[in-house]
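Here the structure comes first, spelled out in C-alpha cells, and everything after it is commentary.
Predicted, not measured: the structure shown is a model, and the values here were computed from it.
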Amino acid sequence: MLAITLRGAVNDPHSARLRRELVDLHRTLVEAALVVWTAGNVSAKVDDRHFLIKPSGVPYDRLTEDSMVLCDLDGRPVEGQTLKPSSDVFAHAYVYRHRSDVGGVVHTHSPYATAWAARNEPIPCVLTAMADEFGGEIPVGPFALIGGADIGKGIVDTLAGRRSPAVLMRNHGVFTVGETPRSAVKAAVMCEDVARTVHLSRQLGEPLPLREADIDQLYDRYQNVYGQ
C-alpha cells in the first residue's frame with residue numbers, strides 16, 4: 001500500500017511541481033544568505049498525508065527534484081525513498097499535523113535573527129515592514145533538542161493566537177510557516193531583514209515601538225490591499 005502511495009505522490013503533476021519549487025526555494029535561502037553549508041531546510045505539504053523535505057546533509061548545489069524526501073505526517077519516509085530526510089523532519093511533521101492551514105515550513109540559522117534567539121529575546125515591532133508581514137513582534141519559542149517533535153510543538157504553541165509566521169526558537173534559529181512553501185521562505189527572508197535593521201537601530205538608541213492600532217491597520221492593508 002505504501003508503494004502505491006509513493007508512485008502516486010511521486011508521479012502526479014502537483015508533487016512534481018512542488019519538487020521543482022523546493023529546489024528553487026533552497027537556492028533562494030543560499031542567495032539570501034540565510035543558510036550555510038547544509039544547515040536549514042524547506043518542506044512542502046503534498047496532501048493530507050504527505051510532505052516533501054530536503055534530505056539530510058546534502059549540499060544545496062547538489063539538490064535535485066528526485067532528492068527531496070517524501071514523508072508521512074509522522075515524519076517517516078515513505079517506502080522506496082533512498083535518502084534520509086532532514087533531522088528536522090519530526091518538527092515539520094508536527095507542524096503539519098497541528099496546523100492544517102500550513103503548506104510550507106522553513107528552518108534557517110540566519111545570523112541576525114538567530115542572535116536574537118540566542119538572547120531569548122523577541123524582535124519588537126518597531127518597523128512598518130514588521131507590522132506588514134508579522135502583525136506584531138516576532139516571538140521566541142522554548143529551547144528544544146533536535147531530532148524529535150519538541151521543536152514542532154514549540155513552534156505551534158508559540159505561534160498560537162499570533163499573526164506572525166515566524167518564531168525564533170531559543171538557542172537554535174528561525175522557523176517560519178506559510179500557506180505555501182514560497183510564502184514561508186518569504187517570511188524567513190523578511191525575518192532576517194528586520195532582525196538586522198532592529199539590531200542596527202539599537203546600536204543608535206532605543207527603537208520607538210509602533211502603536212497597536214497602527215500595527216493592525218498596516219497589517220490589514222498589506223495582507224488584503226497591497227499588490228496585484
Side-chain angles (χ1 to χ4, degrees), residues 6 9-11 14-46 50-96 102-118 144-152 155 165-169 171-178 180-193 195-196:
L6 174 60
V10 166
N11 295 327
H14 173 61
S15 178
R17 179 187 61 78
L18 286 176
R19 287 175 177 274
R20 290 192 298 271
E21 185 176 17
L22 284 177
V23 173
D24 290 339
L25 291 175
H26 281 96
R27 289 175 182 157
T28 299
L29 296 187
V30 175
E31 292 166 359
L34 303 188
V35 296
V36 296
W37 203 239
T38 63
N41 41 70
V42 185
S43 69
K45 189 175 180 181
V46 177
H50 304 98
F51 67 98
L52 290 161
I53 193 168
K54 176 184 177 290
S56 178
V58 176
Y60 285 88
D61 60 358
R62 297 184 185 177
L63 291 177
T64 66
E65 298 170 23
D66 291 337
S67 65
M68 299 303 163
V69 185
L70 184 69
C71 299
D72 65 24
L73 292 194
D74 289 317
R76 298 173 300 193
V78 173
E79 182 183 352
Q81 304 296 283
T82 58
L83 296 174
K84 295 189 300 181
S86 164
S87 58
D88 294 304
V89 64
F90 298 111
H92 289 242
Y94 187 96
V95 174
Y96 289 127
V102 170
V105 179
V106 174
H107 173 46
T108 79
H109 300 149
S110 58
Y112 281 91
T114 300
W116 288 85
L145 291 175
I146 302 168
D150 288 348
I151 291 175
I155 295 167
V167 56
L168 313 176
M169 294 301 287
N171 299 106
H172 186 174
V174 180
F175 282 85
T176 60
V177 300
T180 66
R182 186 168 297 276
S183 62
V185 168
K186 178 194 174 189
V189 172
M190 294 295 293
C191 179
E192 179 64 3
D193 181 63
R196 179 175 59 249

Centroid-centroid distance, His107 to His92, less than 6.0 Å: no

Donor-acceptor pair, side chain of Gln81 and main chain of Leu70, under 3.5 angstrom: yes

Nearest atoms (heavy-atom pairs only) where Ala113 meets Cys191: CB-SG, 4.0 Å

Minimal non-hydrogen separation, Thr38 against Gly57, with atom names: CG2-O, 3.6 Å

Flag, side chain of Glu192 to backbone of Tyr112, donor-acceptor distance under 3.5 Å: yes

Check: Val46 main-chain N/O paired with His14 side-chain donor or acceptor under 3.5 Å: yes

Check ion pair Arg17-Glu21 (N to O, under 4.0 angstrom): yes

Closest non-hydrogen atom pair, Val58 against Lys54: O-NZ, 3.2 Å

Sequence neighbours excluded, every pair satisfying ring pair (Phe, Tyr, Trp, His ring centres under 6.0 Å) that has a member inside residues 61-84: none

Check: Ser67 main-chain N/O paired with Thr64 side-chain donor or acceptor under 3.5 Å: yes

With sequence neighbours excluded, residues passing side chain to side chain donor-acceptor pair (under 3.5 Å) with Tyr94: none

Distance (rounded to the nearest 0.5 Å) between Thr108 OG1 and Phe175 CZ: 9.0 Å

Main-chain N/O of Met68 paired to Arg19 side chain as donor or acceptor, under 3.5 Å: yes

Side-chain heavy-atom pair Thr180, Ser183 within 4.5 angstrom cut-off: yes

Closest contact, heavy atoms only, Tyr60 versus Gly40: OH-O, 3.0 Å

Side chain to side chain contact (heavy atoms under 4.5 Å, CB included) evaluation trace for Leu73 with His50: CA-CA 6 Å; Leu73 292 194; His50 304 98; 5.9 Å; no

Worked check of side chain to side chain contact (heavy atoms under 4.5 Å, CB included) between Asp150 and Leu145: CA-CA 7 Å; Asp150 288 348; Leu145 291 175; over 6 Å; no

Atom pair OG/CZ of Ser15 and Arg20 - distance to nearest 0.5 Å: 9.5 Å

Heavy-atom pair of closest approach, residues Gly147 and Phe90: O-CD1, 3.3 Å

For Val106 against Pro181, the heavy-atom pair lying closest together: CG2-O, 4.4 Å

His109 vs Val174, side chain to side chain contact (heavy atoms under 4.5 Å, CB included): CA-CA, chis, key distance, verdict: CA-CA 6 Å; His109 300 149; Val174 180; over 6 Å; no

Heavy-atom donor-acceptor pair, Asp72 side chain to Asp74 backbone, under 3.5 Å: yes

Contact check, side chains of Val189 and Leu34, non-hydrogen atoms, under 4.5 Å: yes

From OG (Ser87) to CG (Asn41), nearest 0.5 Å: 7.0 Å

Thr176 side-chain N/O to Ala184 backbone N/O, donor-acceptor pair under 3.5 Å: yes

Interatomic distance, Ile53 atom CD1 to Asp88 atom CG [nearest 0.5 angstrom]: 6.5 Å

Test side chain to side chain contact (heavy atoms under 4.5 Å, CB included) applied to Val42 and Leu52, Val105, Leu63, Leu29, the passing residue: Leu29

Nearest-0.5 Å distance that lies between atom CD1 in Ile151 and atom CE in Met169: 6.0 Å

Worked verdict on Val35 versus Val30 for side chain to side chain contact (heavy atoms under 4.5 Å, CB included): CA-CA 6 Å; Val35 296; Val30 175; 3.9 Å; yes

Donor-acceptor contact below 3.5 Å, side chain Trp116 vs main chain Ala195: yes

